Amino acid sequence: MALRVYNTLTGEKELFVPLVPGKVGMYVCGVTVYDYCHIGHARAGVVFDIIYRYLKYAGYDVTYVRNYTDIDDKIINRANQEGTDYRTIADRYIEAFDEDMARLGLAKPTLEPKATDHMSGIIHIIESLIAKGHAYVSEGDVYYAVESFPDYLKLSGRNLEEMQAGARVEIGDKKRHPMDFALWKGSKPGEPWWQSPWGNGRPGWHIECSAMSMEFLGKTFDIHGGGKDLVFPHHENEIAQSEGANGCQFVRYWLHNGFVNINSEKMSKSLGNFFTIREVLKKYDPETLRFFILSAHYRSPIDFSDQNLDEAQSGLERIYSCLAALDDILKEQSPSAEITVVESLSQVGQELHEKIEQFLPRFVDAMDDDFNAAQALGVLFETVRGANRFIAETKEMTPLSLSLIAHVRHLLVEAGGVLGLFATAPDVWLSGIRSAKAVQIDLSPEEIERLIVERAEARGARDFKRGDEIRDLLLAKGIVLLDSAQGTTWNVK
RNA sequence: GGCGCGUUAUCCAAGAGGCUAGGAGCCGGUCUGCAAAACCGUUAACGUCGGUUCGAAUCCGACACGCGCCUCCA
């Protein structure tokens, strides 16, 4: 099967055929840098990260552009509040964005341009829109005349009359039509400005993306992505600008990720019900957050809650535990044999062999179907179960079973690479999770160790009553004892 | 008001006319002095009412409920 993607423009899943065979141009709207990122940004980041990774995995030469919008009213407002300049604000939150995305394990895009580095491109597009009658100058501002572009609203599937019926459109004297939007805004005193043929000012929101995408990907390119909330007005306006100026199709495939909800309601700045990535990462491991995001299809809404994050962590621990178990076996003996004589494997071994034979085709099928990561994870889990079962039932490791295990590990890590998972050594990740939980309790590790020793002594003397007392005491404080042949370790519940 | 989306077992979540999704949990088993942890096994579902079909979670229609966009948003 070949890659199929859901295109917002047509409302259908379509076969993905790039403009130039073997190459993909992809532009994703980054952020306006005026505050810390919330988990909605995390979702968009992760979703397009795995799309980027999968396209590369599928063999495409991908040029991935993700912008920073570093000039905007919100940035200026923030600067005014803090009594500083817009550049300070923008630079601070660009840095914060980079940190957050790095922690979430996002691969760096090919290019990460800033709006303010593309003023000449912006001005050039506006000039050409004016020349073609799509835009007009009004008191130092420049507006896009939406009525001059018959395809306006083709992405969101509305029409101008309906939009006005919504009646939440401000009618400014400067605009000819209430839906017209600003391409260039004349600067007020004290505001940052750039020179333009229409006087000093700054670009409106939307035009920077038309300019940067054209600069790096050309007038027509393959994929444009962003959150669903950008469909209108941002992407609609980008289409009007780019197609109005260039007279040709702007984007072939429009991809939009769904929202992050809190209690089934959209998380948003205006509702105030948002969590920043930093807040969430104080409590949860970044890979857990990524895994949670991947557990639902990228277009579906996803409900953010402690319970759902905890479940995601349990699931991820299951896979990491399996990887750790595979590592333990491979640490002692290296595989030497090729898997040729499948018949000599046990029944469970043959089943596992069959599973790993189907692994990549099934994984690819899932991802080919509009990047269905949730389904792809199902394939991983089934393989994990098969591997655990094989380990449990194999008394003695033969060269053949060792290579089977090595193969499983390789496949899980290969798929993990596409999903941005399992980059950490399993034992390191698992102990990281353990110690992160340990921070939350009020008993010192020394104290716990002392009690464990006391319990071991009691048990050695077959004083199980005392031993169980200690166990219950620790349990009451949220500490779970893990007995094994190698001794007793502990974990936080 | 206009446009659009969703409703799958206890919870989360894929699937989209006949084919075991998966995870968390529950329960049972292995292990254990007993437990826990881990592992294995198992369970159960398609909002309501109609229609199409040999066959419907899946297609069509109506209804109910929830949500989104139409204002800055990922």
Side-chain angles (χ1 to χ4, degrees), chain A residues 8 11 28-32 34-35 37-48 72-74 77 153 156-159 161-170 179 205 225-234 236 256-261 264-271 274 291-292 295-297 299-303 305 307-319 321-322 325 348 362 366 369 372-382 384-385 387-389 391-393 459 462-465 467-468 471-472 474-475 480-485 488-491 493:
Chain A
T8 307
V28 173
C29 289
V31 284
T32 300
Y34 72 103
D35 203 351
C37 289
H38 54 63
I39 46 180
H41 298 108
R43 185 176 196 193
V46 168
V47 161
F48 287 101
D72 177 86
D73 290 355
K74 291 193 291 290
N77 290 343
L153 304 178
S156 48
R158 300 173 227 261
N159 61 61
E161 291 72 41
E162 284 167 3
M163 299 289 288
Q164 287 174 82
R168 286 205 275 174
V169 185
E170 263 182 57
M179 293 294 290
W205 182 43
K228 265 196 167 93
D229 45 359
L230 295 182
V231 173
F232 183 88
H234 187 53
E236 204 70 74
H256 294 99
N257 65 275
F259 297 133
V260 176
N261 290 160
S264 307
E265 282 199 330
K266 179 187 171 182
M267 188 187 74
S268 75
K269 285 266 177 180
S270 46
L271 289 173
F274 65 95
F291 190 86
F292 164 69
S295 70
H297 186 94
R299 283 190 283 116
S300 311
I302 192 167
D303 214 53
S305 69
Q307 189 194 330
N308 289 347
L309 267 283
D310 288 340
E311 282 188 9
Q313 182 154 100
S314 300
L316 186 56
E317 276 188 72
R318 179 174 166 81
I319 302 179
S321 300
C322 176
V348 179
R362 292 180 65 202
D369 186 12
N372 196 334
Q375 189 172 53
L377 287 179
V379 179
L380 296 223
F381 276 116
E382 284 187 49
V384 164
R385 183 158 34 113
N388 281 336
R389 202 174 149 188
I391 293 169
E393 299 196 8
R459 292 178 74 210
R462 302 197 65 79
D463 181 0
F464 294 122
K465 186 163 171 287
D468 291 351
R471 187 169 69 197
D472 293 343
L474 287 169
L475 187 64
V480 184
L481 295 183
L482 310 173
D483 292 333
S484 76
T488 301
T489 56
W490 56 276
N491 204 346
K493 193 164 61 170

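Convention: sequence-line order gives letters A, B, ...; per-chain numbering from 1. What you see is a predicted model; the values in this text were computed from it and never measured.
At the heavy-atom level, A:Val260 lies under 4.0 Å from base atoms of the strands shown. As judged by a 4.0 angstrom heavy-atom cut-off over every strand, A:Leu481 is placed among the base-contacting residues. A:Asn308 comes within 4.0 angstrom of sugar-phosphate atoms only, judged by non-hydrogen atoms across all strands, and of no base. Among the heavy atoms of the strands lying under 4.0 Å from A:Phe259 is at least one base atom, whether or not backbone atoms are also near. Counting non-hydrogen atoms under 4.0 angstrom, A:Gly227 reaches the backbone sugars and phosphates but no base. If you check every strand for non-hydrogen atoms under 4.0 Å, A:Gly258 touches a base. Using a 4.0 Å heavy-atom cutoff across all strands shown, A:Ser295 reaches sugar-phosphate atoms only and no base atom. Residue A:Arg43 is classed as having no contact, given no heavy-atom separation below 4.0 Å to the nucleic acid. Nucleic acid contact for A:Ser300: sugar-phosphate only, since backbone atoms but no base atoms lie under 4.0 Å from a heavy atom of the residue. Using a 4.0 Å heavy-atom cutoff across all strands shown, A:Phe464 reaches at least one base atom of the nucleic acid. Residue contacts shown for A:Glu393 are absent, as no nucleic acid heavy atom lies under 4.0 Å away. When heavy atoms are screened at a 4.0 angstrom cut-off, A:Asn257 is found touching base atoms of the nucleic acid. At the heavy-atom level, A:Ala296 lies under 4.0 Å from the strands shown only through sugar-phosphate atoms. Base engagement by A:Arg471 is indicated by at least one non-hydrogen atom pair under 4.0 Å involving a base atom.
Distances shorter than 4.0 Å separate some side-chain N or O of A:Arg385 from OP1 or OP2 on B:rG22. At B:rG41, one or more side-chain N or O atoms of A:Arg389 fall inside 4.0 Å of OP1 or OP2 (strictly under the cut-off). Look at A:Lys266 and you won't find any side-chain N or O under 4.0 angstrom from OP1 or OP2 of B:rA74. An OP1 or OP2 oxygen of B:rG15 is reached within less than 4.0 angstrom by a side-chain nitrogen or oxygen of A:Asn372.
Here the separation of B:rU30 from B:rC34, taken at their C1' atoms, is 16 Å to the nearest Å. Only the C1' atoms considered, B:rA9 is 4 Å distant from B:rA45, to the nearest whole Å. One C1' atom belongs to B:rG15, the other to B:rG68, and the distance between them is 23 Å to the nearest Å. As rounded to the nearest Å, B:rG25 and B:rC12 have C1' atoms that lie 11 Å from one another. When the P atom is compared between B:rG55 and B:rG22, the two are found 29 Å apart, to the nearest whole Å. Atom C1' of B:rC3 sits at a distance of 35 Å from the matching atom of B:rG23, rounded to the whole Å. Nucleotides B:rA44 and B:rC26 place their C1' atoms 11 Å apart, quoted to the nearest Å. To the nearest whole angstrom, the two P atoms, one in B:rC72 and one in B:rC60, are 34 Å apart.
Following rounding to the nearest Å, A:Leu316 (CG) and B:rG23 (P) show an atom-to-atom distance of 14 Å. Across the protein-nucleic acid pair, A:Arg299 atom CZ and B:rG4 atom C1' stand 13 Å apart, rounded to whole Å. The distance between atom CG of A:Asp472 and atom P of B:rC34, rounded to the nearest whole Å, is 16 Å. Per the geometry, NE2 belonging to A:His297 stands 16 Å off C1' belonging to B:rG22, to the nearest Å. We find that CG of A:Asn77 is positioned 11 Å from C1' of B:rC72, with the value rounded to whole Å. Computed from coordinates, the A:Glu311 CD to B:rG22 C1' distance equals 12 Å when rounded to whole Å. Atom CG in A:Asp483 sits about 12 Å away from atom C1' in B:rA38, given to the nearest Å. Per the geometry, CG belonging to A:Asn388 stands 9 Å off C1' belonging to B:rA38, to the nearest Å.
Heavy-atom nearest nucleotides on RNA chain B were determined for A:Val384 and for A:Leu377, and the one closer to the 5' end corresponds to A:Leu377.
Exactly one of A:Asp303, A:Asn261, A:Ile39 qualifies for a side-chain contact (heavy atoms from CB on, under 4.5 Å) with A:Met267. That residue is A:Ile39.
Panel note: side chain A:Asn372, backbone A:Gln375; a donor-acceptor pair is recorded below 3.5 Å. Panel note: side chain A:Arg43, backbone A:Asn257; no donor-acceptor pair is recorded below 3.5 Å.
No N or O donor and acceptor, one from the side chain of A:Gln375 and one from the base of B:rG15, sit under 3.5 Å apart.
Picking from B:rC11, B:rG2, B:rA36 the nucleotide with the shortest atom distance to the side chain of A:Arg158 gives B:rG2. Residue A:Val480 has its side chain nearest to B:rA36 when only B:rA36, B:rA74, B:rC70 are considered. The side chain of A:Glu265 approaches B:rC67 more closely than any other nucleotide in the set B:rG22, B:rA74, B:rC67. Checking B:rA16, B:rA74, B:rG33 against the side-chain heavy atoms of A:Leu230 singles out B:rA74 as nearest.
Under the Watson-Crick or G-U wobble criterion, with both distances below 3.5 Å, B:rA21 is left unpaired in every strand shown.
Side-chain contact check for A:Thr32 and A:Asp72: no donor-acceptor pair (N or O, by modelled atom type) lies under 3.5 Å.
Look at A:Arg362 and A:Glu382 and you find a salt bridge, because one of the NZ, NE, NH1 or NH2 atoms lies within 4.0 Å of a carboxylate O, short of that distance.
A cation-pi arrangement is present between A:Lys269 and A:Phe274 under the rule of less than 6.0 angstrom and at most 45 degrees off the ring axis.
In this pair, A:Phe381 does not lay its aromatic ring on the base of B:rG23; centres under 5.5 Å and planes under 30 degrees do not both hold.
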